[in-house]
There are 2 protein chains.
Amino acid sequence: MNTQDLCLGVLHLGDASGYEIKQTFERALSHFQSPSYGSIYPALRKLQSAGWVTQRIEDQDKRPAKKIYSLTHEGRSRFLQVLSQTEPQEICKSDFVLLAFFAHLLSTDQLAAIVQQHLNTIEMDLEKLQAIQGREDLPPGMRFSIDYGIEVKQARLKFVRKHLSRLLQEHQHYGDPA
Amino acid sequence: MNTQDLCLGVLHLGDASGYEIKQTFERALSHFQSPSYGSIYPALRKLQSAGWVTQRIEDQDKRPAKKIYSLTHEGRSRFLQVLSQTEPQEICKSDFVLLAFFAHLLSTDQLAAIVQQHLNTIEMDLEKLQAIQGREDLPPGMRFSIDYGIEVKQARLKFVRKHLSRLLQEHQHYGDPA
DNA sequence: ACCTACATGTAACCCGTTACATGATTTG
DNA sequence: CAAATCATGTAACGGGTTACATGTAGGT
């Protein structure tokens with residue numbers, strides 16, 4: 001799904017500015033999508049020209065003014081239509097797995113550093129997700145999607161931790177005389 | 001990592017044609033990258049102009065001729081350099097999680113169909129990976145990356161299967177009078 | 001004095017997918 | 001006979017990231 005439709009989705013949860021939309025992605029949705037400002041702001045303008053959102057300006061004290069966007073009726077039905085046509089595919093591009101795949105071209109120290117960095121990244125992502133986990137007020141689907149993200153990240157952590165020392169050992173001795 | 005460098009990596013495993021490179025991605029690497037012909041063929045031409053690969057033509061009986069590419073010394077060191085500069089990040093874009101997140105906007109039937117489709121997709125991916133699993137002759141890193149892919153996919157399957165009926169039940173009753 | 005958060009936006013650039021074009025051969 | 005496999009390639013199109021530009025306010 002592209003940034004435009006993604007923004008429509010976030011606005012379905014409530015009015016928001018471009019900045020706030022980005023925050024929402026980072027807090028709750030970063031495990032499956034997180035577009036940058038460079039695509040969010042242009043998307044909002046396009047949504048406005050299409051008549052799917054309206055804009056109002058909210059002045060603030062000691063803060064820059066916000067441009068708050070609201071879904072129109074058309075925007076609402078547009079998002080429902082997009083959702084019903086979206087295939088549940090998952091696209092993963094993992095440079096970590098790639099590096100592991102070509103680990104025989106790296107030193108054991110390099111490999112160890114890569115794995116450690118990967119563990120750290122997952123741990124941080126996990127904390128972000130756990131911070132929003134367990135809210136009773138959320139719809140079941142949202143809770144499911146958050147729990148799913150957590151479970152999959154924990155599976156990664158568990159696997160890497162379990163196989164780390166063996167990997168490094170075998171890596172060090174790979175190519176040794178048989 | 002972009003298609004050019006990815007091709008360099010595959011060619012590091014042995015000479016291959018564009019078609020064969022694509023096959024390699026689909027068989028062994030699809031869980032983290034799988035570029036299309038539309039990016040592979042142009043990439044190979046660029047690699048050739050850069051002097052990182054050479055091309056030879058291999059005629060075949062009752063088959064179109066192949067253009068086999070081989071890494072040059074420069075190509076080899078170029079890939080090592082790229083590898084050592086690659087950060088182990090993972091980017092996942094999951095329309096499945098997105099659909100789950102907005103499940104309250106869908107009917108229970110739609111949700112059930114989506115989850116089922118997702119399960120089927122994972123099962124197929126898993127079979128592909130398991131087909132190449134357990135080869136003793138592969139370097140430890142390659143085995144690790146394959147096992148990692150399998151483990152993560154199994155975690156997904158397990159989670160979805162475990163929570164499926166509850167999700168659908170809660171979804172059906174969500175919004176009911178408290 | 002500097003960094004972070006708040007807040008919006010543009011433009012260059014990179015990059016990839018999809019769809020099309022071509023054509024022989026094998027398999028169901 | 002139709003569909004899949006082998007084999008290469010192009011072009012249009014869509015889409016996003018990065019980096020830059022601007023400015024205030026609060027914290028260290």
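Within every chain, numbering begins at 1; the chains are lettered A, B, ... in the order of the sequence lines, protein sequences first and strands thereafter.
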(request) For N2(A), enumerate each residue passing the side-chain hydrogen bond (donor to acceptor under 3.5 Å, both in side chains) test, keeping only those at least two apart in sequence or located in another chain. (result)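 Result, side-chain hydrogen bond (donor to acceptor under 3.5 Å, both in side chains) vs N2(A): none returned.
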(request) Could you pull out all residues at least two apart from T24(A) that satisfy side-chain hydrogen bond (donor to acceptor under 3.5 Å, both in side chains)? (result)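 Listed in chain order: nothing, the list is empty.
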How long is the gap from [atom1] on [X] to [atom2] on [Y], to the nearest 0.5 Å?
X: L29(B); Y: F32(B); atom1: CG; atom2: CZ; answer: 4.0 Å
X: F102(B); Y: L8(A); atom1: CZ; atom2: CG; answer: 9.5 Å
X: R166(B); Y: L168(B); atom1: CZ; atom2: CG; answer: 11.0 Å

List, one per line, each side-chain donor-acceptor pair under 3.5 Å for residues 137-150 of chain A, sequence neighbours excluded.
from    : atom 1 : to      : atom 2 : distance (Å)
R143(A) : NE     : L138(A) : O      : 3.2
S145(A) : OG     : M142(A) : O      : 2.9
D147(A) : OD1    : Q133(A) : NE2    : 3.2
Y148(A) : OH     : E90(A)  : OE2    : 3.2

(request) Over 60° means perpendicular and under 30° means parallel, so classify the ring planes of H118(B) and F96(B), tilted if in between. (result)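 Parallel: the ring planes of F96(B) and H118(B) meet at under 30°.
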(request) May I ask you to verify if any side-chain N or O of S39(B) is less than 4.0 angstrom from the OP1 or OP2 atom of dC15(C)? (result)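 Result: no.
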Please work out which residues in [range] have a non-hydrogen atom less than 4.0 Å from an atom of DNA chain C and list them by number.
range: residues 78-95 of chain A; answer: none
range: residues 22-38 of chain A; answer: Q23(A), G38(A)
range: residues 13-21 of chain A; answer: S17(A), G18(A), Y19(A)

(request) Mind grabbing the angle between the end helix axes of the helix from dA1(C)-dT28(D) to dG28(C)-dC1(D)? Five pairs an end, 10° rounding. (result)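 Taking the rotation axis at each end, their angle is 50°.
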(message) Whether K66(A) and D59(A) form a salt bridge (side-chain N of Lys/Arg under 4.0 Å from carboxylate O of Asp/Glu) is what I want to check.
(response)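 Salt bridge between D59(A) and K66(A), a charged N being under 4.0 Å from a carboxylate O: no.
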Can you give the donor-acceptor pairs under 3.5 Å from side chains of residues 34-52 of chain A to other protein atoms, not counting sequence neighbours?
from   : atom 1 : to     : atom 2 : distance (Å)
S39(A) : OG     : T3(A)  : OG1    : 3.2
S39(A) : OG     : S36(A) : O      : 3.2
S49(A) : OG     : R45(A) : O      : 2.8

(request) Find the distance I40(B):CD1 to dT18(C):C1' and express it as a whole number of Å. (result)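 In whole Å, dT18(C) C1' and I40(B) CD1 are 14 Å from each other.
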(message) Whole angstroms only, please: what is the CG-P distance between L6(B) and dC14(C)?
(response)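 Distance check: L6(B) CG to dC14(C) P gives 18 Å.
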(message) Using a 4.0 Å cut-off to any heavy atom of chain B, which nucleotides of DNA chain D are the first and last in contact, reading 5' to 3'?
(response)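 Span of nucleotides near chain B: dT5(D) to dT10(D).
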(request) Of all the heavy-atom pairs spanning A28(B) and I132(B), show the shortest one and how long it is. (result)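 Nearest pair, atom of A28(B) first, then I132(B): CA-CD1, 3.5 Å.
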(message) Test your reading of the model: is there a side-chain donor-acceptor pair from D125(A) to the backbone of K153(A), 3.5 Å cut-off?
(response)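 No: the side chain of D125(A) does not pair with the backbone of K153(A).
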(message) Given 3.5 Å as the limit, does a donor-acceptor pair link the side chain of Q172(B) with the main chain of Q169(B), or not?
(response)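 Not a single qualifying donor-acceptor pair exists.
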Count I, L, V, M, F, W, Y as connected when their side-chain heavy atoms are under 4.5 Å apart, and connections chain through other members. Are [X] and [Y] then in the same cluster?
X: V82(A); Y: L13(A); result: yes
X: L11(A); Y: I68(A); result: no
X: I91(B); Y: V152(B); result: no

(request) Take nucleotides 22-28 of chain C nucleotide by nucleotide from the 5' end and write B, S or -, depending on whether a protein heavy atom sits under 4.0 Å from the base, only from the sugar-phosphate, or from neither. (result) -B-SS--
(request) Hey, could you give me each pair passing salt bridge (charged side-chain N to carboxylate O under 4.0 Å, His left out) that has a residue in residues 24-44 of chain B? Not counting sequence neighbours. (result)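 The answer is K22(B)-E26(B).
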(request) Kindly state each residue pair satisfying side chain to side chain donor-acceptor pair (under 3.5 Å) with at least one member in residues 74-88 of chain B, sequence neighbours excluded. (result)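 Applying side chain to side chain donor-acceptor pair (under 3.5 Å) to every pair that reaches into residues 74-88 of chain B, excluding sequence neighbours, yields Q117(A)-E87(B), D5(B)-R78(B), T72(B)-E74(B).
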(request) Could you give me the CA-CA distance, side-chain angles and deciding distance for K67(A) and E58(A), then say whether side chain to side chain contact (heavy atoms under 4.5 Å, CB included) is met? (result) CA-CA 6 Å; K67(A) 296 187 177 173; E58(A) 218 163 77; over 6 Å; no
